[in-house]
Amino acid sequence: MIMVEHQRLATSGARAVLPFKIAGSQYLIVPQLAIDIPNTPPHMNGGDSDTGALIYRWEQGGWLADGQLPLSGGEDAEFFTLGNDAYLITAGVRSGRGPYRYNLDQILYRWTRESWSPIQSFPAFAAKQWHFFSIGERAFLALAQGLTLGHIEATNPRTSRIYEWNGARFEDFQTLDGRWGYNFESFQIGRQTFLAYADHVDESVLLAWDGSAFQPVQSFAKQAGRCFRFFEAGGTGYLAFANIQGNSMLYRWEGAGFSPCQELGGAGGREFCIVKTHSCLYLVHINFIQGDPSAPRTALMSRVHKWSDGQLVVVEEFPTAGATDAAVFCADDELFVAVSNSLTPDVRFRTDTLVYRFNG
């Protein structure tokens with residue numbers, strides 16, 4: 001087996017897994033969407049949102065609980081460094097137990113001695129993901145956010161957007177059209193910088209940096225976009241795109257744009273994770289749900305693809321429970337993949353996040 005279970009973490013509605021290193025220690029943060037409310041009917045968009053993001057520290061061959069950050073309706077976390085400082089920013093989609101509040105401030109933290117100190121807040125609406133990237137000496141944070149449900153009013157800025165670091169804080173840089181954003185992926189091909197953006201109700205697009213702003217250059221789907229992941233193999237660039245309602249696809253760079261070259265599976269795609277070993281490249285393909293959110297099928301098989309002879313080949317499948325994210329990390333000279341699960345087969349939030357030893 002390639003994915004061998006190593007550890008289970010007791011999480012609830014886990015929406016992301018982010019490993020990072022700081023001050024000589026290795027950590028994992030797990031944002032959680034919700035916890036179950038006793039004696040209430042199950043629903044994937046229900047529950048108590050005031051959960052917190054769990055933090056673990058790697059010790060003696062596994063993750064040990066090491067506190068948490070305040071976070072309601074947790075969807076994502078992003079770690080990055082600027083100069084000698086380390087930062088962590090979290091994304092929360094909502095707060096409360098119903099009715100929910102989707103207009104929330106998102107918090108940026110800086111590592112100070114032995115703790116995280118809040119230094120800036122961002123007014124957001126149904127925040128889903130933060131993505132940090134840089135172009136030369138310039139540093140940016142992209143926020144995927146938004147909802148288009150008629151009964152939910154946006155009082156904070158409602159569309160996805162990009163912020164730039166001014167030396168002391170992040171400030172507004174560019175607003176996108178996306179109204180239900182999920183994911184960003186930044187990468188370079190030659191000297192050109194690209195930013196791919198996935199959206200649920202609007203187009204999932206590729207943006208190119210023109211020296212002063214990001215301009216749309218290619219569309220991948222009209223709706224249901226969840227994730228982009230870029231990698232290079234054999235000197236060529238590839239872009240994997242997850243579509244939760246249709247086929248997930250692999251695209252190959254053709255010099256002026258990406259062309260479809262392989263189907264990666266049907267509906268349910270949520271996330272991708274690239275795993276590189278000494279001799280091989282793998283793509284872990286995370287499936288979330290199939291069917292309508294009112295009655296979702298959450299017990300799905302996620303997949304491990306191996307790059308072989310110019311294409312991705314499925315070499316293993318593993319069971320997941322409303323899986324939302326995967327992240328690779330190295331510890332004790334071994335390779336591991338953490339996978340966040342968010343929903344049981346009976347659509348309850350309390351289900352374990354799994355850590356696998358990766359034997360590729």
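Between the N103 side chain and the T155 main chain, a donor and an acceptor come within less than 3.5 Å of each other. A donor-acceptor pair is defined here as one N or O able to donate and one able to accept, closer than 3.5 Å; such a pair exists between the side chain of Q26 and the backbone of C330. S204 places a side-chain N or O within 3.5 Å of a backbone atom of D199 that can act as its donor or acceptor partner. Proximity of a side-chain donor or acceptor of Q32 to a complementary backbone N or O of S12 within less than 3.5 Å is detected. Of the possible polar contacts, one joining the T320 side chain to the L300 backbone as a donor-acceptor pair under 3.5 Å is found. Side-chain atoms of Q215 never come within 3.5 Å of backbone atoms of D210 as a donor-acceptor pair (strictly under, hydrogens ignored). A distance-only check finds no donor-acceptor pair linking the side chain of H200 to the backbone of L147 [under 3.5 Å]. Distance alone, capped at 3.5 Å, places no donor-acceptor pair between the T351 side chain and the L343 backbone. The backbone N or O of M3 lies less than 3.5 Å from a partner atom in the side chain of E316, making a donor-acceptor pair. Checked by atom type and distance alone, the side chain of T11 pairs as donor or acceptor with a backbone atom of T353 at under 3.5 Å.
F187 and W253 have their aromatic ring centers separated by at least 6.0 angstrom. Checked against a 6.0 Å centroid threshold, the rings of F133 and F214 count as neighbours. Within the 6.0 Å centre-distance limit, the rings of F140 and W209 are counted as a close aromatic pair.
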- request: Give the intermediate values and the outcome of side-chain contact (heavy atoms from CB on, under 4.5 Å) for residues R94 and L33.
  value: CA-CA 8 Å; R94 67 184 196 187; L33 175 69; 4.3 Å; yes
- request: Using the ring-ring contact (aromatic ring centres under 6.0 Å, His included) rule, take F241 and F258 through it: C-alpha gap first, then chi angles, then the decisive distance, then the call.
  value: CA-CA 11 Å; F241 172 63; F258 286 93; over 10 Å; no
side-chain contact (heavy atoms from CB on, under 4.5 Å) between V201 and Q223, worked out: CA-CA 5 Å; V201 297; Q223 60 183 20; 5.6 Å; no
- request: Dump the intermediate steps for side-chain contact (heavy atoms from CB on, under 4.5 Å) on F132 and W165, then the final yes or no.
  value: CA-CA 10 Å; F132 174 81; W165 181 250; over 6 Å; no
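Put simply, L312 and M301 are part of two different groups of oily side chains (I, L, V, M, F, W, Y) that touch within less than 4.5 Å, one to the next. Following chains of ILVMFWY side-chain contacts shorter than 4.5 Å, one can reach I119 starting from L143, so the two form part of one hydrophobic cluster. Linking ILVMFWY side-chain heavy atoms closer than 4.5 Å, directly or via other members, places L149 and I289 in a single hydrophobic cluster. Cluster membership check: F230 does not share its hydrophobic cluster with I274, using side-chain heavy-atom separations under 4.5 Å among Ile, Leu, Val, Met, Phe, Trp and Tyr. W307 and I286 fall into different hydrophobic clusters, where Ile, Leu, Val, Met, Phe, Trp and Tyr residues are linked whenever their side-chain heavy atoms come under 4.5 Å apart, directly or through other members.
Applying side-chain contact (heavy atoms from CB on, under 4.5 Å) to F228 and the options F194, Y182, F220 leaves one that passes, F220. Under the ring-ring contact (aromatic ring centres under 6.0 Å, His included) rule, F336 has a single partner from F358, W58, Y356, which is W58. Each of V313, V315, L281 was evaluated against S308; a single residue qualifies, V313, per the side-chain contact (heavy atoms from CB on, under 4.5 Å) test. Tested against W116 for a ring-ring contact (aromatic ring centres under 6.0 Å, His included), the candidates Y109, Y87, W111 yield a single pass: W111.
When side chains are defined from C-beta on, N287 counts as touching R303, because their heavy atoms get closer than 4.5 Å. For the pair D48/R97, a side-chain contact is recorded, criterion being any heavy-atom separation below 4.5 Å from C-beta on. A 4.5 Å side-chain heavy-atom check between F318 and V339 finds at least one atom pair inside the cut-off. A heavy-atom distance below 4.5 Å is not found between the side chains of V328 and V284. Contact annotation: the side chain of D352 approaches that of R350 to within less than 4.5 Å [non-hydrogen atoms, C-beta and beyond]. E254 has its side chain within reach of R252: a pair of non-hydrogen atoms, C-beta onward, lies under 4.5 Å apart. In this structure, F122 and D172 have side chains that are not in contact, with every pair of non-hydrogen atoms separated by 4.5 Å or more. At least one side-chain heavy atom of L176 sits under 4.5 Å from a side-chain heavy atom of L207.
Remark: the T159 side chain and the R161 side chain contain an N/O donor-acceptor pair separated by less than 3.5 Å. A donor-acceptor pair shorter than 3.5 Å cannot be found between the side chains of S342 and T324. Side chains of S72 and D50: a donor on one and an acceptor on the other come within 3.5 Å. Looking at R270 and H285, their side chains never bring a donor and an acceptor atom within 3.5 Å of each other. For the residue pair Y197/S160, the side-chain donor-acceptor check at 3.5 Å is satisfied. Judged by distance alone, the side chains of R179 and T148 never bring a donor and an acceptor atom under 3.5 Å apart.
Separating the CZ atom in R101 from the OG atom in S95 is a distance of 3.5 Å, to the nearest 0.5 Å. Taking CG of L108 as the reference point, atom OG of S117 lies at 11.0 Å (rounded to 0.5 Å). The distance from atom SG of C261 to atom CE of M249, rounded to the nearest 0.5 Å, is 7.5 Å. Note: M44 CE to R348 CZ = 14.0 Å, rounded to the nearest 0.5 Å. Note: I29 CD1 to T90 OG1 = 7.0 Å, rounded to the nearest 0.5 Å. One distance of note links CD of E203 with CG of D177; it measures 9.0 Å at 0.5 Å rounding.
Of the charged side-chain nitrogens involved, none lies within less than 4.0 Å of a carboxylate oxygen, so that K128 and E75 do not count as a salt-bridged pair.
Residues D325 and V17 approach most closely at OD2-N, 3.0 Å, considering heavy atoms. Summarising the geometry of Q129 relative to A91, their closest heavy-atom pair is N-CB, 4.1 Å, with the distance given to 0.1 Å. Closest non-hydrogen pair, A53 versus P31, comes out as CB-CA, 4.0 Å. Summarising the geometry of N341 relative to A323, their closest heavy-atom pair is OD1-CB, 3.7 Å, with the distance given to 0.1 Å. Considering every non-hydrogen atom in both P293 and N45, the closest pair reads CB-ND2, 4.4 Å. Smallest separation of non-hydrogen atoms from G46 and A34: O-CB, 3.7 Å.
A perpendicular orientation is assigned to the rings of Y102 and Y100, their planes being inclined by more than 60° (bins at 30° and 60°). A perpendicular orientation is assigned to the rings of F170 and F80, their planes being inclined by more than 60° (bins at 30° and 60°).
Applying the 6.0 Å contact sphere to CG of D85 captures more than 12 heavy atoms from other residues, nucleotides or ligands. Remark: E171 CD is packed, more than 12 non-hydrogen atoms of other residues, nucleotides or ligands lying under 6.0 Å away.
Both tests do not hold together for R229 against F272: distance to the six-membered ring centre under 6.0 Å, angle to the ring axis within 45°.
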